[in-house]
Amino acid sequence: MNVRRLSVDPLAAARRLLGAVLVGRGVSAVVVEVEAYGGPDHGSWPDPASHSYRGPTGRNSVMFGPAGRLYTYRSHGIHICANVVCATDGVAGAVLLRAAKVESGLPVAQRRRGDSVRPVALARGPGNLCSALGITMDDNGIDLFARMSPIRIVLGEQQSVVEGPRVGVSKAADRPWRFCLTGRPEVSLYRRSPRAPAPGESD
DNA sequence: GGTAAGATCAGC
DNA sequence: CTGATCTTACCT
């Protein structure tokens, strides 16, 4: 089963998730942009920008669970963002799904996102991706590899990948933990967080 | 019990 | 650059 390919560190898992097909509520889409997130300071991948950095809490508990689960959270009170949990059970690690290319169910995605949105931008950005696929907070913790799940994922082959700094994070902003498929127009434009210290500064 | 910050997005 | 909008986590 494919899920074992995600029982690895967040960086390897991120690369393996590029090209995967995400199937959710009438829409399927190919993942074209992701970001890796680690865990607490004394773990294998210390990551101050990760929700799990300060240990398990009510919100982030899914990140500490087994690989292949969906970890959703609400961002700025408005949007939902989706992660695929990686690493082994008890170890925090996840990959944020940042952008995807809608392959089927385009009219459904278009209805969810609004008529003014161009097809290439339907699932561009983590909040928009969840909106296009119909992912909500009720989906937090579901198994993305179970036949019965409303949201599923199918891993693909290794692909040609570009790496760069993560978007939006105010800590560890220089870390090249963002990965994109090369030459995909659905990838979101890079924007450094206005709250992040200047490039090269420590935080 | 109060509150500040936030892995975002769209519109000036 | 800003406002929208709300949950969590941490503080007193």
Side-chain angles (χ1 to χ4, degrees), chain A residues 9-11 13-15 17-18 22 29 31-41 43 45-65 69-87 92-100 102 109-141 144 163-180 185-199 203:
Chain A
D9 67 273
L11 295 177
R15 290 175 177 276
L17 281 163
L18 285 174
L22 189 61
V31 177
V32 300
E33 179 185 354
V34 297
E35 278 175 1
Y37 284 90
D41 229 352
W45 319 291
D47 184 5
S50 175
H51 288 168
S52 55
Y53 184 57
R54 294 165 190 234
T57 67
R59 171 172 76 152
N60 67 22
S61 62
V62 175
M63 268 190 83
F64 289 83
R69 304 289 246 273
L70 181 67
Y71 165 52
T72 57
Y73 67 92
R74 185 176 299 277
S75 176
H76 290 72
I78 313 243
H79 302 100
I80 303 300
C81 297
N83 297 251
V84 178
V85 175
C86 62
V95 177
L96 173 68
L97 304 179
R98 286 200 57 88
V102 175
Q110 192 78 63
R111 198 174 319 127
R112 291 191 177 123
R113 294 278 287 115
D115 288 337
S116 59
V117 179
R118 291 175 314 156
V120 72
L122 280 173
R124 175 157 62 195
N128 294 335
L129 184 150
C130 285
S131 170
L133 296 200
I135 297 173
T136 73
M137 279 306 292
D138 288 341
D139 298 317
N140 189 34
L144 291 168
E163 67 173 48
R166 292 182 291 192
V167 177
V169 296
S170 60
K171 300 174 196 142
D174 296 333
R175 232 178 250 193
W177 280 16
R178 172 184 182 237
F179 304 91
C180 311
E186 297 84 7
V187 169
S188 63
L189 290 178
Y190 172 62
R191 254 187 69 62
R192 168 172 272 254
S193 169
R195 295 177 291 280
D203 53 310

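Given the structure is predicted, the values throughout are model-derived calculations rather than measurements. Proteins get letters first, then strands, A, B, ... in listed order; numbering begins at 1 in each.
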Under the salt bridge (Lys or Arg N to Asp or Glu O under 4.0 Å) test, which residues partner [X], sequence neighbours left out?
| X | answer |
| --- | --- |
| A:Arg124 | none |
| A:Glu33 | A:Arg98, A:Arg178 |
| A:Arg192 | A:Asp174 |
| A:Arg113 | none |

Notebook entry, point to check: On DNA chain B, which is the earliest and which the latest nucleotide, 5' to 3', with an atom closer than 4.0 Å to a heavy atom of chain A?
Noted result: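 From 5' to 3', the first and last contacting nucleotides are B:dG6 to B:dA10.
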
Residues that [X] engages under side-chain contact (heavy atoms from CB on, under 4.5 Å), provided they are two or more places apart:
| X | result |
| --- | --- |
| A:Pro194 | A:Arg191 |
| A:Ala123 | A:Ala100, A:Val102, A:Leu129, A:Ala132 |
| A:Thr57 | A:Arg59, A:Asn60 |

Please classify the nucleic acid contact of [X] as base, sugar-phosphate, or nothing, using heavy-atom distances under 4.0 Å.
| X | answer |
| --- | --- |
| A:Met137 | nothing |
| A:Arg166 | nothing |
| A:Ser193 | nothing |
| A:Asn83 | base |

N/O to N/O distances under 3.5 Å, protein versus nucleotides 1-5 of chain C:
{"residue": "C:dT5", "atom": "O2", "partner": "A:His76", "partner atom": "O", "Å": "2.3"}

Notebook entry, point to check: Which residue lies toward the 5' end of DNA chain B, A:Val117 or A:Val169, if each is placed at its nearest nucleotide?
Noted result: A:Val169

Item checked: Test side chain to side chain contact (heavy atoms under 4.5 Å, CB included) applied to A:Leu122 and A:Arg112, step by step -> CA-CA 9 Å; A:Leu122 280 173; A:Arg112 291 191 177 123; over 6 Å; no

Notebook entry, point to check: What is the distance from NE2 of A:His51 to P of C:dA9, rounded to the nearest Å?
Noted result: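 Interatomic distance, NE2 of A:His51 to P of C:dA9: 9 Å.
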
Please report, to 0.1 Å, the donor-acceptor pairs under 3.5 Å made by any side chain of residues 70-87 of chain A, with sequence neighbours excluded.
{"residue": "A:Tyr71", "atom": "OH", "partner": "A:His51", "partner atom": "ND1", "Å": "2.7"}
{"residue": "A:Asn83", "atom": "ND2", "partner": "A:Tyr71", "partner atom": "O", "Å": "3.2"}

Checklist line | From A:Tyr37 atom OH to A:Arg166 atom CZ, the distance as rounded to the nearest 0.5 Å | finding: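 Rounded to the nearest 0.5 Å, the OH-CZ separation comes to 5.0 Å.
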
Margin query: Could you work out, with side-chain hydrogen bond (donor to acceptor under 3.5 Å, both in side chains) as the rule, every residue matching A:Asp139, not counting sequence neighbours?
Written below: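 Only A:Arg25 meet the side-chain hydrogen bond (donor to acceptor under 3.5 Å, both in side chains) criterion with A:Asp139.
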
Next item on the list: Kindly express the pairing pattern of DNA chain B in dot-bracket notation, using | wherever a base pairs with another strand and counting only Watson-Crick or G-U pairs under 3.5 Å.
Entry: ||||||.||||.

